[in-house]
Amino acid sequence: MINFGYARANDVTDAVRQITADPTAKFIAGGTNLIDLMKEDVERPTRLIDISRLPLKAVEETADGGLRIGALMPNSDLAYHPLIERRYPVLASAILAGASQQLRNMASTGGNLLQRTRCYYFYDTATPCNKRAPGSGCSAIKGLNRMHAILGASEACIATHPSDMCVALAVLEAKVHVTGPSGERVIALADFHRLPGNTPQVDTNLHPDEIVTAVELPAQGFAANYTYLKIRDRLSYAFALVSVAVGLEIEGEIIKEARFALGGVAHKPWRDQAAEAVLCGQAASADNFNRAADLLLRDAKGFAHNAFKIELARRAIVRALTQAARGTPQSQSNKKVR
Ligand SMILES: Cc1cc2nc3c(=O)[nH]c(=O)nc-3n(C[C@H](O)[C@H](O)[C@H](O)COP(=O)(O)OP(=O)(O)OC[C@H]3O[C@@H](n4cnc5c(N)ncnc54)[C@H](O)[C@@H]3O)c2cc1C
Ligand code: SF4
């Protein structure tokens with residue numbers, strides 16, 4: 001038994017004060033990832049600062065036509081929120097493709113951003129892992145790497161970020177609001193998660209003494225032409241081998257704006273603006289979708305067990321873009337299942 005302290009935060013200022021005073025403490029929100037990591041002895045916080053009762057559970061309209069989502073908004077409530085269902089269905093679909101209903105009821109928006117990789121070796125403290133124990137080595141590079149990265153990996157770590165929600169947030173160009181000892185700042189979702197480089201133990205650009213308070217969505221929601229396609233080993237309750245979030249603006253037969261991001265393939269949601277630019281001003285055709293997919297995957301590199309993901313990702317991108325262009329999004333089957 002590893003002892004740890006527990007305290008509730010009264011408000012955001014108190015949460016920041018408590019974490020600043022004790023750098024070995026951790027915030028706990030829904031606890032669906034952190035408690036598992038503590039049980040596996042991967043995380044050993046000396047103290048849990050419970051932020052789950054802070055008043056950060058609202059979805060509010062912003063002055064520029066977007067939405068501000070409180071960091072403690074549960075994943076289920078967010079996916080079924082009428083404004084999200086109507087204006088940002090790609091986000092609702094992505095959230096509903098993740099975990100199980102019970103987990104989504106507990107999981108928070110901020111916790112989903114900060115969930116850690118599902119690399120088997122990260123959870124197995126008997127094996128070397130640079131993310132868990134910096135400098136110890138990476139067991140996955142020559143080990144079992146079916147779930148691992150094909151883009152943006154390093155010699156130190158080939159883990160992927162497991163979130164579905166974040167892939168949709170990448171397409172929506174969300175912003176993450178955070179508060180720390182020196183005040184508030186805003187981090188673009190694209191800059192929130194890091195590539196592993198030489199420091200895979202650092203997942204994000206959030207400072208250890210900062211709290212996520214909200215996620216902001218710009219006005220553009222791609223409600224007419226979107227999809228979230230998740231390919232996994234089981235139909236539900238499994239992490240993505242490859243996922244694709246798409247948002248298109250189409251006028252007549254021509255694509256005016258294209259955004260697409262991949263999940264399950266890198267240390268962060270993977271977007272490539274050069275690949276998106278290929279589609280702008282072009283027809284929504286299979287040829288153009290294949291060209292965009294090839295461009296995005298030009299530097300993809302597979303390992304012993306995951307090289308199949310490169311072709312899988314190419315096909316998934318083409319299928320997701322086709323579905324979005326036709327206005328026939330997949331991943332609707334979870335809708336209204338409460
Ligand atoms: C069996 C299982 C299957 C799953 N399947 C999927 C899946 O298919 N797709 C998917 O996307 N996810 C999946 N998940 C992950 C799940 O979505 C995350 O565990 C959940 O989103 C984490 O949210 P939480 O509030 O429980 O975070 P916690 O466990 O409470 O916290 C996670 C981390 O975030 C930090 N934190 C939390 N909130 C804040 C904040 N506001 N500011 C700063 N730090 C904060 C904590 O300190 C901790 O380090 C699965 C989880 C399980 C257990
Ligand atoms: S891929 Fe990353 S998380 Fe997995 S064993 Fe290697 S260093 Fe650890």
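One-based numbering, in listed order, for ligands and for the atoms of each.
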Gly98 neighbourhood, listing ligand 1 atoms whose heavy-atom distance to it stays under 4.0 Å: 7 (C), 8 (O), 9 (N)

Among Leu206, Val178, Leu54, the one residue meeting side-chain contact (heavy atoms from CB on, under 4.5 Å) with Ile211: Leu54

Contact check: Ala107 vs ligand 1, nitrogen or oxygen atoms, below 3.5 angstrom: no

No-hydrogen, no-angle side-chain donor-acceptor test under 3.5 Å, Ser52 and Asp50: yes

Hphob cluster co-occupancy, Val176 + Phe27, side-chain heavy atoms under 4.5 angstrom: no

Atoms named by residue and atom, protein N, O or S, within reach of atom 4 (Fe) of ligand 2 (under 2.8 Å): Cys119 SG

Numbering as shown, the atoms of ligand 2 that approach Ala156 to under 4.0 Å (heavy-atom distance): 7 (S)

Closest protein heavy atom (residue, atom, distance) for atom 30 (O) of ligand 1: Gly31 N, 2.7 Å

Donor-acceptor pair between Arg47 and Gln18 side chains, under 3.5 angstrom: yes

Those atoms of ligand 1 less than 4.0 Å from some heavy atom in Asn112: 17 (O), 21 (O), 22 (C), 23 (O)

Heavy-atom nearest neighbour of atom 39 (C) of ligand 1 within options Val212, Ile51, Leu103: Ile51

Residue and atom name of the nearest protein heavy atom (relative to atom 25 (O) of ligand 1), distance in Å to one decimal: Ser108 OG, 2.6 Å

Within-4.5 Å side-chain heavy-atom neighbours: His267 and His161: no

Residue and atom name of the nearest protein heavy atom (relative to atom 49 (O) of ligand 1), distance in Å to one decimal: Lys26 NZ, 3.6 Å

Option set Gly30, Ala240, Ala94, criterion heavy-atom distance to atom 24 (P) of ligand 1, minimum: Gly30

Contacts of type side chain to side chain donor-acceptor pair (under 3.5 Å), residue Ser76, not counting sequence neighbours: Gln101, Asn105

Nearest neighbour in protein (non-hydrogen) for atom 10 (C) of ligand 1: Asp164 OD2, 3.6 Å

Distance, nearest 0.5 Å, that separates OG of Ser93 from CD1 of Ile84: 11.5 Å

Residue part near ligand 1, for Ser100, under 4.0 Å between non-hydrogen atoms: neither

Donor-acceptor side-chain pairing of Glu173 and Gln220 below 3.5 angstrom: no

Interfacing atoms of ligand 1 (cut-off 4.0 Å, heavy-atom, Thr32): 18 (C), 19 (O), 20 (C), 22 (C), 23 (O), 24 (P), 26 (O), 29 (O), 53 (C)

Part of Lys230 within contact of ligand 1 (heavy atoms, under 4.0 Å): side chain

Student check: side-chain heavy atoms of Met38 and Lys26 closer than 4.5 Å: no

Numbered atoms and elements of ligand 1 in range of Phe239, under 4.0 angstrom, heavy atoms: 3 (C), 4 (C), 5 (N), 6 (C), 7 (C), 8 (O), 12 (N), 13 (C), 14 (N), 50 (C)

Proximity flag His207 to ligand 1, non-hydrogen atoms under 4.0 Å: no

side-chain hydrogen bond (donor to acceptor under 3.5 Å, both in side chains) contacts touching residues 291-300 (sequence neighbours left out): Asp272-Arg298, Asn288-Arg291

Atom 7 (C) of ligand 1: the protein heavy-atom neighbour that sits closest, reported with distance to 0.1 Å: Ala99 N, 3.1 Å

Side chain to side chain donor-acceptor pair (under 3.5 Å) partner of Thr227, the single match among Gln323, Arg319, Arg326: Gln323

Sub-4.0 Å atoms of ligand 1 with respect to non-hydrogen atoms of Pro162: 9 (N), 10 (C), 11 (O)

Residues clustering with Val278 (ILVMFWY side chains joined when closer than 4.5 Å, directly or via others): Leu295

Nearest protein heavy atom with distance in Å, relative to atom 1 (C) of ligand 1: Tyr237 OH, 3.4 Å

Atom 36 (N) of ligand 1: the protein heavy-atom neighbour that sits closest, reported with distance to 0.1 Å: Leu114 CD1, 3.8 Å

Residues His148 and Asn306: side-chain donor-acceptor under 3.5 angstrom: no

Any side-chain donor near an acceptor of the partner, Asn112 and Ser163, under 3.5 Å: yes

Sub-4.0 Å atoms of ligand 1 with respect to non-hydrogen atoms of Asn33: 19 (O), 29 (O)

Minimum heavy-atom distance Ala238-Lys230, with the two atoms named: O-NZ, 2.9 Å

Minimum-distance protein heavy atom relative to atom 31 (O) of ligand 1: Leu34 CB, 4.1 Å

Glu216 and His177 side chains, donor-acceptor separation under 3.5 Å: yes

Closest non-hydrogen atom pair between Leu172 and Pro218, with its separation: O-CD, 3.2 Å

Proximity to ligand 1 by part of Asp36, non-hydrogen separation under 4.0 Å: side chain

